[in-house]
Undergrad: 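There's a structure below that I have some questions on.
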Amino acid sequence: MDCIFCQIIAGKLPSEILYQDEEVFAFRDISPQAPTHLVIIPKKHIPSLIDLTGEELPLIGHMVDVAYKLAQKEGIAESGYRLAINCGPWGGQLVPHLHMHLIGGRQLSGRLG
Ligand code: 5GP
Ligand code: ZN
């Protein structure tokens, strides 16, 4: 088990846990790009979006819902926020465990890459 995010879920690496249920886990990004920068992940080790099966697709909706609730808790739901899932090397994915970034708390640039 050399996956950083699996180790965070297992409590073997420290993190600021913000939410968890049977399927999803969320924590604050260690290197925030904005005042609010959270990471939302499935508890199951799915390496990337391209590895997601049809059966697992509802997980994404669940993660979007968790993101909305966390945005409300962070006080940024009304001002707006960005959800991003980087996929693969050219998509900028560094950690090979599917994750959604929730970023907000300042005016974000319109540039995506
Ligand atoms: P990626 O570039 O793969 O889409 O994003 C990975 C994110 O995970 C980065 O924003 C990075 O700062 C964050 N990250 C990497 N390692 C750790 C860690 O050990 N703890 C936390 N909280 N975040 C991490
Ligand atoms: Zn993992």
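Keep in mind that what you see is a predicted model, and the values were worked out from it rather than measured. Counting starts at 1 for both ligands and their atoms, following the listed order.
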Undergrad: For ligand 1, note which part of His99 has a heavy atom under 4.0 Å away: side chain, backbone, both or neither.
TA: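 His99 to ligand 1: side-chain contact only, backbone stays beyond 4.0 Å.
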Undergrad: His97: which N/O/S atom is nearest the Zn ion (ligand 2)?
TA: ND1
Undergrad: N/O to N/O below 3.5 Å, does that happen between Gly92 and ligand 1?
TA: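 The answer is yes, given that Gly92 and ligand 1 share an N or O pair closer than 3.5 Å.
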Undergrad: Looking at ligand 1, does Asp29 have a heavy atom less than 4.0 Å from it?
TA: yes
Undergrad: Just to confirm my numbers, could you give the angle made at the Zn ion (ligand 2) by SG of Cys6 and ND1 of His45, rounded to 10°?
TA: 110°
Undergrad: Against ligand 1, does Val39 come closer than 4.0 Å with any heavy atom?
TA: no
Undergrad: Taking the six-membered ring for Trp, is the centroid-to-centroid distance between Phe27 and Phe5 below 6.0 Å?
TA: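 Yes.
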Undergrad: Is Gln33 in contact with ligand 1, taking contact as a heavy-atom separation below 4.0 Å?
TA: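 Flag not set, Gln33 not near ligand 1.
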Undergrad: Give the numbers and elements of all ligand 1 atoms closer than 4.0 Å to a heavy atom of Ile4.
TA: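 The atoms of ligand 1 under 4.0 Å from a heavy atom of Ile4 are 19 (O).
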Undergrad: Considering non-hydrogen atoms of the protein only, which is the closest contact for atom 22 (N) of ligand 1, and what is the distance?
TA: Arg28 O, 2.9 Å
Undergrad: Counting each atom of ligand 1 from 1 as listed, which ones have a heavy atom of Phe27 under 4.0 Å away?
TA: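 Here the atoms of ligand 1 in question are 21 (C), 22 (N), 23 (N).
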Undergrad: Give a yes or no on whether the ring-centroid distance for His97 and His99 is below 6.0 angstrom.
TA: no
Undergrad: Applying a heavy-atom cut-off of 4.0 Å, say which part of Ile8 lies close to ligand 1: side chain, backbone, both or neither.
TA: side chain
Undergrad: Taking a hydrophobic cluster as the set of Ile, Leu, Val, Met, Phe, Trp and Tyr residues connected by side-chain heavy atoms closer than 4.5 Å, whether directly or through intermediates, do Ile40 and Leu49 fall within one such cluster?
TA: yes
